[in-house]
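Structure first, then comments.
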Amino acid sequence: MKKFILLACALLLTGCSVKQPATTNLNLEIMGQSNMIYSGEAATIRGEDTRRDSAVAVYKIKDDPAAKITNISAPHVMLTEQLANGFREQGLIFSNGSDVRILFKLNELLVTITKPKMLYLAEAKSQVSLQVVKGSSSVTKKYDRQATQESARRPDINKIEGLLNNQLSDIINQILKDEDIRAAINAR
């Protein structure tokens, strides 16, 4: 009987624990670029991750130790590639010898999941900056996104990825449509 009670207690305790995902897999949806904005213009592009921590999500639930989740690939590399692909569709050529330099910086990318009361709260923040340098002139733009979601259940990894994917896709699409960025690249 004692063995049965011990086994039941052990099963109850292990059954209540929540298994945290180890990584996310961000996958952006970038709109097709139908307009040829850059004809014969060339540039170089480089991405940097200026965040203090590589985590893209952190669970901070009550007294539990914070559980950090990273992305499968480096987010700044993926974002730079997506941005470069969008620019290519617009007619921009990438060449190391170009006098147009595009610097993409990932400054913030994090979903923080807490449970302040009865509901779980997921707060997502994304911030990137883009600098275009051509000769002696330069343009720097910042793009910020924030979102919050409440839920009765602990947000799963798909919800977290969805929050970040939406924010990052929106930022990349906005950069590709930004008239100031286009003017800086096309400046004569």
Side-chain angles (χ1 to χ4, degrees), residues 21-58 68-112 122-147 157-187:
T23 59
T24 60
N25 188 15
L26 298 178
N27 185 16
L28 307 185
E29 291 185 29
I30 308 303
M31 290 187 287
Q33 307 299 311
S34 58
N35 296 337
M36 292 298 285
I37 308 299
Y38 311 103
S39 76
E41 205 55 61
T44 61
I45 191 167
R46 184 177 55 131
E48 290 181 5
D49 190 345
T50 62
R51 299 174 301 147
R52 292 181 192 174
D53 193 335
S54 63
V56 295
V58 63
K68 295 181 179 183
I69 301 169
T70 58
N71 197 51
I72 289 175
S73 61
H76 74 285
V77 172
M78 177 198 59
L79 290 165
T80 305
E81 288 172 359
Q82 291 286 338
L83 187 59
N85 289 339
F87 280 134
R88 273 189 204 95
E89 286 183 26
Q90 293 177 340
L92 192 61
I93 301 164
F94 288 98
S95 167
N96 288 335
S98 174
D99 66 335
V100 177
R101 294 182 316 276
I102 301 170
L103 176 59
F104 178 88
K105 289 185 181 180
L106 179 59
N107 302 320
E108 189 170 6
L109 178 65
L110 186 64
V111 178
T112 305
E123 296 178 284
K125 295 180 182 179
S126 302
Q127 183 195 70
V128 303
S129 60
L130 187 81
Q131 181 180 34
V132 177
V133 178
K134 185 170 185 176
S136 61
S137 64
S138 102
V139 171
T140 302
K141 302 285 289 255
K142 282 190 178 177
Y143 305 88
D144 295 291
R145 297 294 181 277
Q146 294 184 5
I157 199 67
N158 293 333
K159 295 265 187 204
I160 293 167
E161 288 172 346
L163 282 169
L164 293 176
N165 285 335
N166 289 341
Q167 288 184 354
L168 295 173
S169 296
D170 188 48
I171 288 171
I172 297 297
N173 287 318
Q174 185 180 356
I175 290 170
L176 292 169
K177 292 188 288 188
D178 193 307
E179 292 297 330
D180 294 334
I181 299 299
R182 291 176 177 181
I185 293 171
N186 279 326

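Note that this is a predicted model, so its numbers are computed, not measured. The first residue of the sequence shown is numbered 1, and numbering continues consecutively from there.
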Inset, instruction - With sequence neighbours excluded, tell me which residues meet side chain to side chain contact (heavy atoms under 4.5 Å, CB included) with Val77. - result: Ala74, Glu81

Legend entry - Listed once per pair and sorted, the side chain to side chain donor-acceptor pair (under 3.5 Å) pairs that draw on residues 89-99, sequence neighbours left out: Gln33-Gln90

Legend entry - Validation row: Leu110, Lys125 side chains within 4.5 angstrom (heavy atoms): no

Inset, instruction - Please identify each residue that fulfils side chain to side chain donor-acceptor pair (under 3.5 Å) with Asn173, with sequence neighbours left out. - result: none

Inset, instruction - Go through the structure and list residues passing side chain to side chain contact (heavy atoms under 4.5 Å, CB included) with Glu29, not counting sequence neighbours. - result: Ser169

Legend entry - Nearest heavy-atom neighbours spanning Val100 and Ala42: CB-O, 3.4 Å

Inset, instruction - Please identify each residue that fulfils side chain to side chain donor-acceptor pair (under 3.5 Å) with Thr24, with sequence neighbours left out. - result: Asn71

Inset, instruction - Give, for atom CZ of Arg46 and atom CZ of Arg101, the distance between the pair rounded to the nearest 0.5 Å. - result: 9.0 Å

Legend entry - Stepwise side-chain contact (heavy atoms from CB on, under 4.5 Å) test for Asn166 and Asp170: CA-CA 6 Å; Asn166 289 341; Asp170 188 48; over 6 Å; no

Legend entry - Gap separating the OG1 atom of Thr50 from the CG atom of Leu106, nearest 0.5 angstrom: 6.5 Å

Inset, instruction - Nearest 0.5 Å please: distance from the CD atom of Gln82 over to the CD1 atom of Ile175. - result: 12.0 Å

Inset, instruction - State the CE-CD1 distance between Met78 and Ile172, to the nearest 0.5 angstrom. - result: 8.0 Å

Legend entry - Exercise: identify the closest heavy-atom pair between Lys68 and Ala55: CB-CB, 3.9 Å

Inset, instruction - Could you please spell out the steps behind the side-chain contact (heavy atoms from CB on, under 4.5 Å) verdict for Val56 and Arg51? - result: CA-CA 10 Å; Val56 295; Arg51 299 174 301 147; 3.8 Å; yes

Legend entry - salt bridge (charged side-chain N to carboxylate O under 4.0 Å, His left out) pairs, two or more places apart, involving residues 69-78: none

Legend entry - Contact summary for His76 and Gly47, nearest pair of heavy atoms: CD2-O, 3.5 Å

Inset, instruction - State the CD1-OG distance between Ile93 and Ser39, to the nearest 0.5 angstrom. - result: 9.0 Å

Legend entry - Contacts of Asn158 that satisfy side chain to side chain contact (heavy atoms under 4.5 Å, CB included) - sequence neighbours left out: Asp156, Glu161

Legend entry - Contacts of type salt bridge (charged side-chain N to carboxylate O under 4.0 Å, His left out), residue Arg88, not counting sequence neighbours: none

Legend entry - side-chain contact (heavy atoms from CB on, under 4.5 Å) between Leu79 and Leu26, intermediate numbers included: CA-CA 10 Å; Leu79 290 165; Leu26 298 178; over 6 Å; no

Legend entry - From Gln127 atom CD to Lys105 atom NZ, the distance as rounded to the nearest 0.5 Å: 11.0 Å

Inset, instruction - Please report the shortest heavy-atom distance between Leu164 and Ser126, naming the atom on each side. - result: CD2-OG, 4.1 Å

Inset, instruction - List in chain and number order the residues that pass salt bridge (charged side-chain N to carboxylate O under 4.0 Å, His left out) with Glu123, two or more places apart in sequence or in another chain; answer none if no residue qualifies. - result: none

Inset, instruction - Return the minimal non-hydrogen interatomic distance between Ala122 and Val111, and the atom names on each side. - result: CB-CG1, 4.1 Å

Inset, instruction - Tell me, please, which residues at least two apart from Ala147 pass side chain to side chain contact (heavy atoms under 4.5 Å, CB included). - result: Leu163, Gln167

Determine all donor-acceptor pairs shorter than 3.5 Å in which one atom belongs to a side chain in residues 129-136; sequence neighbours excluded.
residue, atom, partner, partner atom, Å
Ser129, OG, Asn107, ND2, 3.4
Lys134, NZ, Glu41, OE2, 3.1
Lys134, NZ, Ile185, O, 3.0
Lys134, NZ, Ala187, O, 2.4

Inset, instruction - Using the side chain to side chain donor-acceptor pair (under 3.5 Å) rule, collect all pairs that involve residues 177-186, keeping only residues at least two apart or in two chains. - result: Lys141-Asp178, Lys141-Asp180, Tyr143-Asp178, Glu179-Arg182

Legend entry - Stepwise side-chain contact (heavy atoms from CB on, under 4.5 Å) test for Ile45 and Leu83: CA-CA 9 Å; Ile45 191 167; Leu83 187 59; 4.1 Å; yes

